[in-house]
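For reference, the structure discussed in these notes is given below.
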Amino acid sequence: MNLPYAEPYKIKMVESIKKSTVEQRKKWIKEADYNLFNLSSDKVFIDLLTDSGTGAMSDNQWAAMMSGDESYAGSASFLKLKDVVKKITGFSHFLPTHQGRAAENVLFSAIVNEGDFIPGNSHFDTTKGHIEFRKATAVDCTIDEAFDTAAEHPFKGNVDLEKLKKALKENPKEKIPFVILTITCNSSGGQPVSMQNVKEVSELCKSYGIPLYFDSARFAENAYFIKKREKGYEDITIKEIAKELFSYGDGMTMSAKKDGLVNMGGFIALNDEEVYKKATVFNIMYEGFITYGGMNGRDMAALAVGLDEATEFDYLESRIEQVSYLGEKLIELEIPVQHPIGGHAIFIDANKFVPTIPRNEYRAQALAIELYILGGIRGVEIGTVLADRDPFTRKNRYPELELVRLAIPRRTYSQNHMDYIVAVLKNIHDTRDQAKTGYRIIDEAPIMRHFTVKFEKI
Ligand code: F0G
């Protein structure tokens with residue numbers, strides 16, 4: 001018997017969210033300089049800005065919080081978390097940090113130098129930011145299919161081995177501190193990397209004597225896709241898949257706000273003792289002592305439980321099938337979205353949705369604003385605004401994709417919310433030909449501008 005998916009939990013506590021009118025939202029978004037990050041959350045009905053730190057913790061996680069050990073040094077919660085991380089990843093050394101970018105900051109402070117090259121698959125913006133901040137270069141080696149939203153490919157996060165080979169061949173070994181694989185690949189649409197690809201990248205890295213690190217924010221979702229899509233993994237548990245995946249690398253950075261199922265937290269896990277030693281110095285300087293690194297004891301306790309829950313099949317099935325439910329409904333309406341549907345979000349292709357808005361008027365941002373005005377839904381632009389300016393020429397970088405990301409928080413919204421989103425998007429889609437103009441930037445930060453940029457309507 002084939003039954004539909006259903007959440008493997010029931011609801012014990014609810015949080016109210018507020019409805020508002022189109023007129024109110026027009027006023028609010030103007031006051032927010034047309035930057036969705038500037039809206040206070042009470043002005044948002046369904047918040048899909050991010051799946052990062054916005055999920056619901058379980059009763060077992062809340063129970064674990066009560067037993068958190070807040071000792072400065074040698075906290076029992078740290079030891080418990082270290083043990084869980086070792087069990088899930090296999091990496092021997094562990095450093096907690098307050099979130100994912102802090103893990104990047106600490107690790108990269110230890111091993112990235114000016115003039116370095118760091119190949120990877122569409123580095124996430126904080127990763128790229130931390131690389132470029134150190135005057136190093138992120139080299140994107142993602143397969144071309146990732147940039148064609150209509151192309152069907154089960155593992156659009158994959159690395160193009162020829163591109164990687166070229167990057168490894170063309171640059172001196174001492175200028176490439178590591179290769180980074182983002183699993184799943186957020187920037188290209190929450191798309192997974194196959195085990196086969198991880199193995200091949202790992203072998204290539206080994207042949208050049210270069211370490212391989214994972215940006216593991218959504219590693220459990222990546223493992224779920226491997227189980228569902230890759231031959232030979234159908235009968236293997238998520239935990240076993242994750243362990244195998246990590247076995248091909250040398251270390252990882254983690255934003256625990258995603259597949260750690262907590263609201264705040266992160267860590268570094270790795271095998272190399274020397275790198276670990278160097279990183280501890282920066283961890284102490286930037287984050288806190290090595291047995292808490294910016295996290296409360298209770299948060300480490302909740303994360304230990306969260307990592308275990310996030311690597312269970314039933315949880316992952318309901319999580320990823322909910323995202324897929326929304327995506328498939330949009331596909332039925334011929335709304336252009338990244339295919340196949342990724343793990344944590346729907347990525348709407350604004351180049352196809354609103355080609356009538358000029359590219360230099362930030363068409364994906366314009367679409368995100370319309371979604372807010374019509375439905376109170378907050379998504380985020382993943383396009384020219386996010387891509388920032390070239391650090392050398394200061395010109396706008398136009399990425400291949402102009403996307404609006406609707407990130408679905410974990411264990412938070414219901415199927416009715418998904419149907420509501422579909423209805424709002426259908427309305428915008430039906431009248432899309434009328435959209436002719438977008439927005440102009442009136443103020444921006446020199447790096448990672450998308451958080452604080454101000455726009456005016458053209
Ligand atoms: N790596 C990836 C792949 C991410 O998606 C993020 C964060 C980070 C690193 C940084 O982690 O936020 O804990 O410092 N992504 C969030 C998002 C912000 O909305 O996708 P962080």
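In listed order, ligands and their atoms are each counted from 1.
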Note the single closest protein heavy atom to [atom], along with its residue, its atom name and the distance in Å.
atom	result
atom 7 (C) of ligand 1	K258 NZ, 2.5 Å
atom 1 (N) of ligand 1	D215 OD2, 2.6 Å
atom 8 (C) of ligand 1	F124 CD2, 3.5 Å
atom 21 (P) of ligand 1	Q99 NE2, 3.3 Å
atom 10 (C) of ligand 1	T126 OG1, 3.5 Å

Below 3.5 angstrom, do we get any N/O pair linking [X] and ligand 1?
X	value
T50	yes
S255	yes
G100	yes
N186	yes

Query - Side-chain donor-acceptor contact under 3.5 Å, K258 with S255 - result: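 Present: a donor and an acceptor within the cut-off.
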Query raised in the report: Taking the six-membered ring for Trp, are Y276 and H93 parallel (under 30°), tilted (30 to 60°) or perpendicular (over 60°)?
Result: parallel
Report task. Compute both the distance and the angle, then confirm whether R218 meets the cation-pi test with Y224: under 6.0 Å from the six-membered ring centre, within 45 degrees of the axis. Result ->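 Relative to the ring axis of Y224, which defines the angle, R218 lies outside at least one limit.
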**Report entry** Over-ring placement of K227 relative to F313, 6.0 Å and 45° cut-offs
**Finding:**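 Geometry flag: set, cation within 6.0 Å and 45°.
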Requested in this report: Would you indicate whether Y325, at its atom OH, is surrounded by more than 12 heavy atoms from other residues, nucleotides or ligands within a distance under 6.0 Å?
Outcome: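 Yes, because the 6.0 Å sphere around OH of Y325 holds more than 12 heavy atoms from other groups.
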Report task. May I ask you to identify, for R101, whether its side chain, its backbone, both or neither come under 4.0 Å of ligand 1 on a heavy-atom basis? Result -> both
Requested in this report: Have a look at ligand 1 and work out which part of H344, if any, has a heavy atom under 4.0 Å from it: side chain, backbone, both or neither.
Outcome: neither
**Report entry** CA sep, side-chain torsions, deciding dist, call: D51, R319, salt bridge (charged side-chain N to carboxylate O under 4.0 Å, His left out)
**Finding:** CA-CA 11 Å; D51 63 321; R319 185 308 180 261; 3.7 Å; yes
Can you sort out which atoms of ligand 1 are near [X], meaning under 4.0 Å from one of its heavy atoms?
X	value
T182	3 (C)
K257	13 (O)
R218	3 (C), 4 (C), 5 (O), 17 (C), 20 (O)

Query raised in the report: Is there a side-chain contact between H450 and Q365, using heavy atoms and a 4.5 Å cut-off?
Result: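 SC-SC contact between H450 and Q365 ruled out.
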Report task. Examine ligand 1 and decide if any of its atoms is less than 4.0 Å from a heavy atom belonging to E104. Result -> yes
Query - Reference residue Y292; test ring-ring contact (aromatic ring centres under 6.0 Å, His included); the match among F78, F94, F267, Y72 - result: Y72
**Report entry** Between F155 and F225, ring centroids under 6.0 Å
**Finding:** no
Query raised in the report: How about Y362 and Y439: are their ring centroids closer than 6.0 Å?
Result: no
